Every structure is written in structure tokens, then in C-alpha cells.
Amino acid sequence: MPELPEIILLARQMKKELVGKTIRAIEVLQPKSLNGPEEEFAAGLTGAQIADVTSRGKWLFVETTQGWLLLSLGMGGEILYLPHRDDLPEKRRLVFDFSDGTCLSVNFWWFGYAHFVRPGELEAHQMTAKLGPNALDLSAKDLRAMLHKRRGQIKSFLLDQSKLAGIGNFYVHDILFLARLHPLRTADTLSEAEVEALARAIHDRLQLSIDKGGAGYEINLYGQKGGFTMEDILVGYREGEPCPTCGTSIAKIKTGSTSSFICPRCQPLDR
Ligand SMILES: [Zn+2]
């Protein structure tokens with residue numbers, strides 16, 4: 001599943017390739033991914049010129065002269081830029097044809113969203129309006145304010161897209177390890193130094209992945225795999241291997257409905 005680094009990279013690449021292009025035609029092969037009737041979606045965006053592409057959490061925001069195209073890949077998928085229509089992949093749910101003959105193909109592995117939002121109505125789009133701030137833009141001060149009086153567990157907080165947008169299972173284990181925090185710590189018990197370490201860990205992990213082109217199991221707008229692979233993972237998915245800091249065996253533990261990978265020595269539950 002793409003997380004913040006992969007989506008940020010896709011947004012940058014889409015911005016570079018698509019800004020200034022005009023949508024000539026739209027092919028919809030999965031109408032249930034839309035937020036309204038297919039005709040309305042096509043009529044809304046046909047003829048629109050792309051003005052900008054940004055992202056928040058796992059959502060891409062394509063701003064056009066006729067409103068917004070909001071895309072979410074859901075459990076995973078590909079967004080590909082193709083210089084020629086002949087190169088379209090077989091697996092696709094939506095195709096945007098541009099007036100210069102290039103196109104954008106969107107595929108969802110399972111189910112995703114392609115929503116049209118009229119100009120000025122972005123705040124009324126519920127699925128994106130309730131997203132928290134981008135995890136990468138967060139300062140220690142912001143984070144401290146968000147954790148204040150929060151009784152939940154720190155891992156649940158990090159994964160909650162309405163609190164903090166963009167962190168998922170692939171990066172969360174190492175973020176907690178770098179901050180030396182047990183995933184079940186109660187959010188408001190973190191010391192000031194721990195909050196600072198957490199803010200730094202969030203930023204450093206996500207930025208490292210962005211610098212390496214995103215996760216190795218995802219592909220970018222040009223069909224290339226990212227360079228952030230299992231070799232870059234510190235404790236995640238490494239049960240039984242030695243902790244890179246102290247050598248203790250990495251443990252896989254149950255944390256609510258999810259599993260977590262931790263170093264029991266570097267990340268004790270009781271401080
Ligand atoms: Zn350790």
C-alpha cells in the first residue's frame with residue numbers, strides 16, 4: 001500500500017508532467033470508484049486544464065481549471081504517465097487522455113477513489129476534509145500539542161489518518177524504534193525529549209524513503225520501482241534478527257489488531 005513518501009513522489013512527478021495539459025477524454029472502467037454518476041464526472045473534467053498537483057496523506061489532489069480530481073489508490077495500485085496511448089497497460093480502471101496525445105492511466109489493485117469536486121467545494125469533501133496534517137510537515141511543537149491529553153496508544157495515533165496523514169504499517173515500526181518508544185505507550189505520557197525524538201524519527205524515516213524514490217514494492221509514474229527496500233528497514237519484519245543498536249533479538253508482538261516489531265530492550269513499555 002502506498003504511504004506518504006510514495007504519494008509525495010507521485011504528486012511531484014504528476015505536477016512535472018501534467019501541469020498545462022488539457023483533458024480531452026476520460027475512460028471509466030470502474031464506475032464505483034467515482035463519487036457520482038459517470039456522466040457527471042466526465043462532463044466535469046473534460047476540457048479542464050491541469051493547474052497543479054499536490055498531496056495530503058494518501059490522497060492526490062489534482063487541481064484543474066474546472067475543479068478538483070481527487071485520487072486515492074486505496075489498498076494499492078499504479079498511476080502511470082504514458083507518452084502514447086498504444087502503451088496503455090492492460091490493467092486499468094481509468095484513463096485520462098490529454099489533447100497532446102499523452103495519457104494518464106490509473107489502476108486500483110482492489111478498490112480506490114477518483115472523485116470530482118467542483119471549484120470551491122473542496123472543504124465539503126468529507127474523505128479528505130477530515131485528514132490530519134501531512135506527517136512530513138509536522139514540528140515537535142505541533143506533535144506535542146496533538147499528543148496532549150491523548151489517552152490512546154502511540155502507534156494507533158501514528159496510524160490514524162485523521163490525526164496525522166500518511167504513515168502506514170511499512171514505516172511505523174522503524175519510526176517507533178528510532179524514537180525508542182514502545183508502540184503501546186500511552187500518547188500523553190511521552191516526555192518532551194521523547195516527543196522531539198518521535199518528530200525527528202517521523203521526518204527522517206519518511207524523508208529517507210523519499211530520497212531513495214519510495215518503497216521498493218511500489219512503482220512511480222514512469223513504472224520504475226522505488227529504492228527504499230528491506231535493506232533500509234531497521235526492525236520492521238525482522239523478527240529474531242539482532243537489534244541494530246544493542247543486538248537484542250527483535251520481537252514480534254501483538255498490539256491490538258496489528259502486529260508490531262520492536263527491540264524489547266531499546267523500546268521498553270515502562271520507563
Ligand atoms: Zn535494541
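Both counts, for ligands and for their atoms, begin at 1 and track the order of listing. Values in this document were obtained by computation on a predicted structure and should not be read as measured data. Note that these values count all heavy atoms, side chains included, but never hydrogens, waters or copies made by symmetry.
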Contacts of type salt bridge (Lys or Arg N to Asp or Glu O under 4.0 Å), residue [X], not counting sequence neighbours:
| X | value |
| --- | --- |
| Asp188 | Arg151 |
| Asp232 | Lys212 |
| Glu241 | Arg238 |

Check this for me, if you would: do Glu6 and Lys58 make a salt bridge, where the nitrogen-to-carboxylate-oxygen distance has to be below 4.0 angstrom?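 Result for this pair is no, no salt bridge flagged.
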Does atom OH of Tyr237 have more than 12 heavy-atom neighbours from other groups under 6.0 Å away?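 Enclosed: over 12 neighbouring heavy atoms sit under 6.0 Å from OH of Tyr237.
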In Å, rounded to the nearest 0.5 Å, how long is the span from CG of Asp174 to CG of Asp204?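 These two atoms lie 12.0 Å from each other.
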Near the Zn ion (ligand 1), which protein N/O/S atoms are found at less than 2.8 Å?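 Counting only protein N, O or S atoms under 2.8 Å from the Zn ion (ligand 1), the list reads Cys243 SG, Cys246 SG, Cys263 SG, Cys266 SG.
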